[in-house]
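Whatever order the structure lists them in is the order used to number ligands and atoms, beginning at 1.
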Amino acid sequence: MRAMRATWDIFCNVVDNYGDIGIAWRLARGLVREHGQTVRLWVDDLGAFRHIWPVIATDVNRQICEGVDVCAWHAEFSAVEPAQVVIEAFGCKLPESYLLSMSVQAPPPVWINLEYLSAEPWVAEHHGMPSPHPRLPLTKYFFFPGYTPDTGGLLAEADLAERRAAFVHSGIPAFWRALDLEVPRADELRVSLFAYENPALPGLLDAWAADTRSVTCFVPEGRIIPQLAAWLGITSLQAGEAYRRGALRLHILPFLDQDTYDHMLWACNLNFVRGEDSCVRAQWAARPMVWQAYPQQDNAHWDKLDALLQHYTEGLASEAEHAVSGLWRHWNGMPDVADMATCWAAWRAQQAAIERHATAWCDRLGLAGRLTGKLVNFAENKLKCRVFANP
Ligand code: TRH
């Protein structure tokens with residue numbers, strides 16, 4: 001059934017890094033392309049946006065990109081008529097004047113706070129909960145992405161599996177050649193590394209350098225670069241450079257656009273990812289992965305990590321389960337874990353089982369449902385109720 005065509009305003013305040021805009025952009029594109037919605041995306045940091053989507057101009061107030069009306073969100077917010085559905089991404093505060101305009105609309109817009117993804121059990125209980133505004137006649141709903149059908153599901157395009165299968169079937173050699181890199185040798189392990197600063201990094205690089213088979217690691221430019229340079233004993237590193245230490249070859253890449261980054265995840269044998277969006281993309285890549293959770297105060301992210309690990313390792317035999325958990329936990333600085341050399345050796349010994357599991361996990365992920373479609377249904381149901389209440 002075709003969804004009702006509605007207007008949407010998505011507000012994205014870039015707090016840190018690329019996850020906020022990465023997710024908001026994926027959602028905006030999906031709403032337009034797959035659900036025929038009319039979308040305005042308000043972004044307060046077009047520079048961060050341009051990093052993941054290089055055609056974005058940073059010096060204009062409005063631009064159409066992939067059918068999305070991309071608007072610069074300035075502190076001085078000019079009056080605009082609110083859309084029928086308003087998404088505040090990750091609890092960003094809507095401009096006061098916009099909120100007031102929302103409150104005098106009849107019917108009022110459907111107002112949704114899109115929350116961060118977590119595999120923790122409380123997510124399902126809170127998904128869809130209303131919160132009336134203390135002063136204005138408005139209600140905000142909390143929409144929680146998640147890994148089970150009773151949550152908001154996960155971001156994924158309808159044709160994602162099909163595109164990935166076609167790429168894996170015939171696109172991988174061309175992908176490496178386009179980056180000016182050789183096609184992998186039969187016993188070589190290709191790894192992508194996207195990470196925050198991490199005290200566990202030198203141990204991991206040492207383990208790779210000491211591996212009995214070749215390990216090639218690709219690092220898009222970012223926060224981990226100074227630590228890599230220090231490990232290499234040099235003062236700086238730039239995209240295009242390559243180094244060899246023992247079995248390890250390191251390639252520094254430019255930061256890729258969001259779609260090319262997907263190809264990287266599909267082309268590698270193992271992906272180190274971080275935060276939220278790259279974590280989900282790595283799961284959809286059906287390749288083994290190691291997740292670095294976004295560090296939070298008092299190590300609150302450890303609960304998030306354990307919650308995902310619990311889901312993710314379901315169905316793995318105990319040795320493979322220990323190998324995955326050990327590497328993830330060590331990478332996230334958790335206590336009572338073996339040293340990195342031991343964790344890496346355990347992972348290597350279980351690699352084949354972990355690879356099979358990554359494919360099975362990807363097939364299971366679909367059970368949670370796709371976030372964009374669930375959000376459209378949620379908004380559509382609320383809109384229908386409002387139309388009937390305000391004939
Ligand atoms: O950049 P992040 O660390 O973003 C984080 C998280 O979302 C975290 O949960 C949030 O609280 C914090 O920001 C504020 O990691 P994340 O979520 O993986 O986002 C990275 C985005 O960058 C994702 O959309 C993929 C994209 N990307 C590229 O487009 N090209 C690249 O080369 C790489 C490495 C990533």
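- Checked against a 3.5 angstrom limit, the closest N/O atoms of Ile23 and ligand 1 fall outside it.
- Protein heavy atom closest to atom 18 (O) of ligand 1, with residue, atom name and distance, is Ser278 OG, 2.6 Å.
- Some N or O of Tyr18 is nearer than 3.5 Å to an N or O of ligand 1, by distance alone.
- Of the heavy atoms in Pro220, only side-chain atoms (C-beta onward) come closer than 4.0 Å to ligand 1.
- Relative to the six-membered ring of Trp53, Arg29 meets both conditions, a distance below 6.0 Å and an angle of at most 45° to the axis.
- The aromatic ring centres of Tyr243 and His251 sit 6.0 Å or more apart.
- Taking a cut-off of under 4.0 Å to the non-hydrogen atoms of Arg274, the atoms of ligand 1 that pass are 1 (O), 2 (P), 3 (O), 15 (O), 16 (P), 18 (O).
- Residue Phe218 forms a ring-ring contact (aromatic ring centres under 6.0 Å, His included) with just one option from Phe255, Trp176, Phe194, and that option is Trp176.
- The six-membered or imidazole ring of Phe11 lies near that of Tyr98, with a centre-to-centre distance under 6.0 Å.
- The structure places CG of Asp277 at 13.5 Å from OH of Tyr18, a figure rounded to the nearest 0.5 Å.
- The shortest side-chain heavy-atom distance between Thr148 and His311 falls under the 4.5 Å cut-off.
- The aromatic ring centroids of Tyr294 and Tyr196 lie less than 6.0 Å from each other.
- Close approach of ligand 1 to Asp16 (heavy-atom distance below 4.0 Å) involves ligand atoms 13 (O), 14 (C).
- Each of the atoms 24 (O) of ligand 1 lies under 4.0 Å from some heavy atom of Gly22.
- In this structure, Lys382 is positioned above the aromatic face of Phe378, its NZ or CZ under 6.0 Å from the six-membered ring centre and within 45° of the axis.
- The protein heavy-atom contact nearest to atom 6 (C) of ligand 1 is Gly275 CA, 3.7 Å.
- Nearest-residue assignment for atom 16 (P) of ligand 1 (options Asp277, Ile52, Leu117, Val15; heavy-atom criterion): Asp277.
- On a distance-only criterion, Tyr294 and ligand 1 share no N/O pair closer than 3.5 Å.
- Between the choices Phe255, Tyr196, Tyr261, the shortest heavy-atom distance to atom 3 (O) of ligand 1 belongs to Tyr196.
- With a heavy-atom cut-off of 4.0 Å, Asp257 touches ligand 1 through its backbone alone.
- When the heavy atoms of Gln296, His301, Gln258 are ranked by distance to atom 29 (O) of ligand 1, first place goes to Gln258.
- Of the protein's non-hydrogen atoms, the one nearest atom 32 (O) of ligand 1 is Leu256 N, 2.9 Å.
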Notebook entry, point to check: Could you go step by step and tell me if Trp8 and Gln84 meet the side-chain hydrogen bond (donor to acceptor under 3.5 Å, both in side chains) rule?
Noted result: CA-CA 6 Å; Trp8 296 62; Gln84 289 166 290; over 6 Å; no

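- Looking at Thr313, Leu327, Val324, Leu270 one by one, the single match for side chain to side chain contact (heavy atoms under 4.5 Å, CB included) with Ile354 turns out to be Val324.
- If you number the atoms of ligand 1 from 1 as listed, the ones under 4.0 Å from a heavy atom of Asp20 come out as 14 (C).
- Remark: ligand 1 atoms within the under-4.0 Å shell around heavy atoms of Tyr116 are 10 (C), 11 (O).
- Residue-to-ligand polar distances keep Phe194 apart from ligand 1: every N/O pair is separated by 3.5 Å or more.
- Between Val43 and Cys71 the shortest side-chain heavy-atom distance does not fall below 4.5 Å.
- Only one option out of Trp347, Trp328, Trp208 pairs with Phe272 in a ring-ring contact (aromatic ring centres under 6.0 Å, His included); it is Trp208.
- Ligand 1 has no atom lying under 4.0 Å from any heavy atom of Trp25.
- Here the protein heavy atom with the shortest distance to atom 7 (O) of ligand 1 is Gly19 CA, 3.2 Å.
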